[in-house]
Participant: 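Sharing a structure with you now.
Here is the naming used below: chain letters follow the sequence lines, and residue numbers restart at 1 for every chain.
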Amino acid sequence: MVSRSSTRFLNICIASFCKAKHLQRAETVIIDGVRLGVLPDVVTYNTLINAYSRFVSFDAAYSVLDRMKEASIKPDIVTYNSLIAGAMRHCLLSNCMDLFEEMLELGIKPDIWSYNTLMHCFFKLERPDDAYRVFTDIILCYLSPSHATYNTMLNGLCKCGFVENALMLFRKLKRHGFVPSLVTYNILINGLCKAWKLKTARWMLKELGASGLVPNVITYTTVMRCCFRSRRFEQGLEIFEEMIDKGYTFDGFAYVTVVGALVKTSRIEEASHYMERMVNTDIGLDMASYNTLINLYCKGGKLEMAHGVLDKMEKEGFERDEYTNTILMNGLCEEGDVEGAMEYMNVAGFNSNLVALNTMVDRCCKADQIDYAFKIFDSMHMRDSFTYSSLIHNLCKVGRFRCASKLLLSCVRSGTRILPSAKHAVFDCLRHSGHQREVKRLKSEIKLALSAVV
DNA sequence: TTAGGGTTAG
């Protein structure tokens, strides 16, 4: 007779192979175990699910669930939490929701871990109201929220553009005894920096220090990026050197932040210097690092070098993503080959890539193809400030002030934030062509449209 | 389970 301790021993072996990413060996041990009469249990399968979703794919993890069913082993809360976490990790948000439903149908009661993941999923789907409903359910049903519950809520609010609400919630939670962790502070500092609320961000950084917590690599990267965004390059580079001294450049995040900021402001030589420093370390390049390097070459007018990096990247098993495609498309446009850029994107597929579509709209305008730019504009399912601003600026440039004025109004009416520069471009254009009264009329129409949107 | 990096206009 095989004892329970044999299965426990089997599970220890499986856990250790899974941890070392030796999944094939883990599978062999299970087969050998079965031959000897040691049957795997729910823990064995849960361990496998976790490993497959981490190191292989969500589908591979989900197929373990089928094997469990074949072996008549009932999945439990850990099984489903691992699968849901796997679906989240691979950004398979609809799978995440389906699994939650499946779990409820099987009568498995979700725990706080499941609810936290569901909240996270709603935020990723840009459904903050649903996420907030889950949050209040957790509180009202006395489900003992964890630290991750609060942090997920605060992070989701920041990411969906509700930084003020996150700040209010943070204060309220503190009044009720919530002790913020370093993760909490990092979430808020990042949210505040991205929303340009720099004074409050500084204040939050001070609060972090006063609470006895020590800023970590994430705090540093966040603050450094904020310096670059607000054009304080020297300060940003000082922080970078400090990060090197502290050993905080063990991955590519800091380098990519520095190079990205320098390229954006056309400081190509400096950017090349920092990129070289990164390549000379033993940090392996990941997707973001490759895209940064390709962009550096494209912006420096070295398209051939960019394609060389692209080949290397693909040989290493990375597939070009929407960033890569936009960068390459932009590189072709910079060379004056707008048609080639369009052909490239037609093959690669725009796939609702808003940045690529915006770029194409702008580049077509600049190549005297405004009508074609409008065609793209009409086909777009989503538009943002960039979409409207590009068209408006370019229409003004060619003196089509009435068209620009109409577009400006439709932008405001759609609830899209209009950039001050685009608004002033239309006003100036109208004034210079002697339509002073038109400016007054447009201003009042914008005011009216804004009040209707609010 | 929660926090940091990469693509667009003027």
Side-chain angles (χ1 to χ4, degrees), chain A residues 81-82 84-89 96 111-121 123 145-156 158-159 180-191 193-194 215-226 228 243 248-249 251-261 263-264 275 278 285-296 298-299 320-331 333 353-363 365-366 384-394 396-397 419-425:
Chain A
N81 280 347
S82 303
I84 293 172
M88 274 302 297
R89 198 172 293 123
C96 190
D111 63 5
I112 191 63
W113 187 302
S114 336
Y115 281 110
N116 289 348
T117 318
L118 184 65
M119 257 171 58
H120 191 198
C121 189
F123 276 124
S146 63
H147 224 97
T149 313
Y150 298 118
N151 287 339
T152 305
M153 189 65 208
L154 292 169
N155 185 43
C158 288
K159 293 273 158 67
S181 64
L182 187 55
V183 176
T184 321
Y185 281 111
N186 283 341
I187 286 168
L188 290 170
I189 292 166
N190 186 42
C193 286
K194 284 192 173 152
N216 66 358
V217 57
I218 294 177
T219 328
Y220 270 82
T221 317
T222 306
V223 175
M224 179 174 72
R225 188 174 185 274
C226 187
F228 290 127
M243 286 182 80
Y248 284 170
T249 45
D251 60 20
F253 277 74
Y255 282 100
V256 165
T257 307
V258 174
V259 176
V263 170
K264 205 164 263 171
M275 197 74 225
M278 182 184 175
L285 298 188
D286 62 5
M287 208 51 222
S289 322
Y290 271 118
N291 282 333
T292 307
L293 183 54
I294 292 169
N295 192 35
L296 174 65
C298 282
K299 287 279 159 67
R320 46 185 99 181
D321 62 8
E322 65 175 48
Y323 287 89
T324 329
N325 287 331
T326 316
I327 290 164
L328 291 170
M329 182 198 82
N330 210 22
C333 289
N353 179 347
L354 183 60
V355 179
L357 286 162
N358 283 345
T359 311
M360 213 59 233
V361 165
D362 189 61
R363 297 292 185 168
C365 287
K366 291 200 168 91
D384 65 1
S385 301
F386 279 88
T387 329
Y388 285 98
S389 296
S390 289
L391 265 176
I392 290 170
H393 276 290
N394 285 298
C396 288
K397 262 189 205 165
L419 300 181
S421 65
K423 201 165 64 178
H424 291 295

Participant: Please report the distance, rounded to the nearest Å, between CG in A:Asn330 and C1' in B:dT7.
Facilitator: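 Distance, rounded to whole Å: 8 Å.
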
Participant: A:Leu182 CG to B:dA3 P: how many Å, rounded?
Facilitator: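 Checked: the CG to P distance equals 13 Å.
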
Participant: May I ask you to verify whether the side chain of A:Asn216 and the base of B:dA3 hold a donor-acceptor pair under 3.5 Å?
Facilitator: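 Under the 3.5 Å cut-off, the side chain and the base do form a donor-acceptor pair.
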
Participant: Any N or O donor-acceptor pair linking the side chain of A:Thr292 to the base of B:dG5 at under 3.5 Å?
Facilitator: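 Side chain to base: no pair below 3.5 Å.
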
Participant: Please check this pair: side chain of A:Asp384 against backbone of A:Thr387, looking for a donor-acceptor N/O pair closer than 3.5 Å.
Facilitator: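 The answer is yes, because a donor-acceptor pair under 3.5 Å joins these two groups.
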
Participant: Take atom OH of A:Tyr388 and atom P of B:dG10, then tell me their distance rounded to the nearest Å.
Facilitator: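 Whole-Å distance recorded here is 19 Å.
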
Participant: Could you work out which one of B:dG10, B:dT8, B:dG5 sits closest to the side chain of A:Lys397?
Facilitator: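 Within the option list, the nearest is B:dG10.
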
Participant: Does A:Lys264 have a side-chain nitrogen or oxygen under 4.0 Å from the phosphate oxygens OP1 or OP2 of B:dG5?
Facilitator: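 Answer is no, no contact under 4.0 Å.
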
Participant: Name the nucleic acid region contacted by A:Val217, choosing base, sugar-phosphate or nothing; use a 4.0 angstrom heavy-atom cut-off, strictly under.
Facilitator: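 Since a base atom lies under 4.0 Å of A:Val217, the category is base.
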
Participant: Of the nucleotides B:dA3, B:dG5, B:dT2, which one has an atom closest to the side chain of A:Val256?
Facilitator: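 Selected nucleotide (nearest to the side chain): B:dG5.
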
Participant: A:Ser146 has a side chain; which of B:dT7, B:dT1, B:dG10 sits nearest to it?
Facilitator: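 Taking heavy atoms from C-beta onward, the closest nucleotide is B:dT1.
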
Participant: In whole angstrom, what separates A:Met243's CE from B:dG4's P?
Facilitator: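 Going from A:Met243 (CE) to B:dG4 (P), I get 13 Å.
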
Participant: Just call it for A:Lys159: base, sugar-phosphate, or nothing, with non-hydrogen atoms closer than 4.0 Å on any strand.
Facilitator: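 The answer is sugar-phosphate, as A:Lys159 gets under 4.0 Å only of primed atoms, P, OP1 or OP2.
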
Participant: Classify A:Asp286 by what it touches in the nucleic acid, base, sugar-phosphate, or nothing, heavy-atom distance under 4.0 Å.
Facilitator: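 Contact class for A:Asp286: base.
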
Participant: For B:dT8, does either OP1 or OP2 sit under 4.0 Å from a side-chain N or O belonging to A:Lys299?
Facilitator: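 A:Lys299 to B:dT8 OP1/OP2: side-chain N or O found under 4.0 Å.
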
Participant: What I'd like to find out is whether the side chain of A:Asn186 reaches to under 4.5 Å of the side chain of A:Asn216, using heavy atoms alone.
Facilitator: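 Sidechains of A:Asn216 and A:Asn186: in contact.
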
Participant: How many whole angstroms separate atom CG of A:Asn394 from atom P of B:dA9?
Facilitator: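 A:Asn394 atom CG is separated from B:dA9 atom P by 11 Å.
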
Participant: With side chain to side chain donor-acceptor pair (under 3.5 Å) as the test, pick out the partner of A:Thr326 among A:Asn295, A:Asn353, A:Thr359, A:Asp321.
Facilitator: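 Only one of A:Asn295, A:Asn353, A:Thr359, A:Asp321 forms a side chain to side chain donor-acceptor pair (under 3.5 Å) with A:Thr326, namely A:Asn353.
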
Participant: Looking at the side chain of A:His120, which of B:dG4, B:dA3, B:dT8 is the nearest nucleotide?
Facilitator: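 Comparing B:dG4, B:dA3, B:dT8 against the side chain of A:His120, the answer is B:dA3.
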
Participant: Below 4.0 angstrom from OP1 or OP2 of B:dG4, is there any side-chain N or O of A:Asn190?
Facilitator: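 The answer is yes; a side-chain N or O of A:Asn190 sits under 4.0 Å from OP1 or OP2.
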
Participant: From the set B:dT7, B:dG5, B:dA3, return the single nucleotide nearest to any side-chain atom of A:Thr257.
Facilitator: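 Among the listed nucleotides, the one closest to the side chain of A:Thr257 is B:dG5.
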
Participant: Under a 4.5 Å cut-off applied to non-hydrogen side-chain atoms, are A:Ile327 and A:Lys299 in contact?
Facilitator: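 Counting from C-beta outward, A:Ile327 and A:Lys299 never come under 4.5 Å.
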
Participant: With distance as the sole test, does A:Ser389 use its side chain to make a donor-acceptor pair with the main-chain N or O of A:Phe386 at under 3.5 Å?
Facilitator: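 Looks like no, no N/O pair under 3.5 Å.
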
Participant: Kindly point out which of B:dG10, B:dG5, B:dT8 is positioned nearest to the side chain of A:Ser289?
Facilitator: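 Looking only at side-chain atoms, A:Ser289 lies closest to B:dG5.
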
Participant: Would you tell me if any nitrogen or oxygen in the side chain of A:Arg225 comes within less than 4.0 Å of OP1 or OP2 on B:dG4?
Facilitator: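 It does not, given that no N or O in the side chain of A:Arg225 lies less than 4.0 Å from OP1 or OP2 of B:dG4.
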
Participant: Looking at the side chain of A:Ser389, which of B:dA9, B:dT8, B:dA3 is the nearest nucleotide?
Facilitator: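 Of all the options, the side chain of A:Ser389 is nearest to B:dA9.
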
Participant: Atom NZ of A:Lys423 and atom C1' of B:dA9: how far apart are they, to the nearest Å?
Facilitator: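 One finds 17 Å between C1' of B:dA9 and NZ of A:Lys423, rounded.
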
Participant: I want to check one thing: is the phosphate of B:dA3, taken as OP1 and OP2, less than 4.0 Å away from some side-chain N or O of A:Asn155?
Facilitator: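 Yes, such a contact exists.
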
Participant: Name the nucleic acid region contacted by A:Asp321, choosing base, sugar-phosphate or nothing; use a 4.0 angstrom heavy-atom cut-off, strictly under.
Facilitator: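 If one applies the 4.0 Å heavy-atom cut-off, A:Asp321 turns out to touch a base.
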
Participant: When you measure from the side chain of A:Phe386, which nucleotide among B:dT1, B:dT8, B:dG4 comes out closest?
Facilitator: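 Side chain of A:Phe386 sits closest to B:dT8.
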
Participant: At under 4.0 Å between heavy atoms, what does A:Ile84 touch on the DNA or RNA strands: base, sugar-phosphate, or nothing?
Facilitator: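 No contact at all - A:Ile84 keeps every heavy atom at 4.0 Å or more from the nucleic acid.
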
Participant: Given B:dT7, B:dG4, B:dA3, which nucleotide is nearest the side-chain atoms of A:Thr221?
Facilitator: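 So the side chain of A:Thr221 is nearest to B:dG4.
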
Participant: Examine B:dG10: is either OP1 or OP2 under 4.0 Å from a nitrogen or oxygen in the side chain of A:Lys366? Give yes or no.
Facilitator: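 Yes, because at least one side-chain N or O of A:Lys366 sits under 4.0 Å from OP1 or OP2 of B:dG10.
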
Participant: Answer with yes or no whether A:Asp251 presents, from its side chain, a donor or acceptor under 3.5 Å of a partner atom in the base of B:dG5.
Facilitator: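 A donor-acceptor contact between them is absent.
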
Participant: Any base atoms under 4.0 Å from A:Asn295, or only sugar-phosphate, or nothing? Heavy atoms, all strands.
Facilitator: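 Contact class for A:Asn295: sugar-phosphate only.
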
Participant: I need the CD1-P distance between A:Ile189 and B:dG4, as an integer number of Å.
Facilitator: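 Nearest whole value for this atom pair: 12 Å.
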
Participant: Mind checking what makes side-chain hydrogen bond (donor to acceptor under 3.5 Å, both in side chains) contact with A:Asn155, not counting sequence neighbours?
Facilitator: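 With neighbours one apart ignored, the set is A:Lys159.
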
Participant: Nearest to the A:Ser390 side chain among B:dT7, B:dA9, B:dT1, which nucleotide is it?
Facilitator: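 Per side-chain heavy atoms of A:Ser390, the pick is B:dA9.
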
Participant: Starting from the C-alpha separation in whole Å, work towards a yes-or-no answer on side-chain contact (heavy atoms from CB on, under 4.5 Å) for A:Lys423 and A:Ile392.
Facilitator: CA-CA 8 Å; A:Lys423 201 165 64 178; A:Ile392 290 170; over 6 Å; no

Participant: Going by side chain to side chain contact (heavy atoms under 4.5 Å, CB included), name the residues that satisfy it together with A:Ala425, two or more places apart in sequence or in a different chain.
Facilitator: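 Applying side chain to side chain contact (heavy atoms under 4.5 Å, CB included) to A:Ala425 gives A:His393, A:Cys396.
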
Participant: At under 4.0 Å between heavy atoms, what does A:Met329 touch on the DNA or RNA strands: base, sugar-phosphate, or nothing?
Facilitator: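 Here A:Met329 touches no strand at all.
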
Participant: Round to the nearest Å and state the distance from A:Phe228 atom CZ to B:dG4 atom C1'.
Facilitator: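 Taking atom C1' of B:dG4 as the reference, CZ of A:Phe228 is at 14 Å.
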
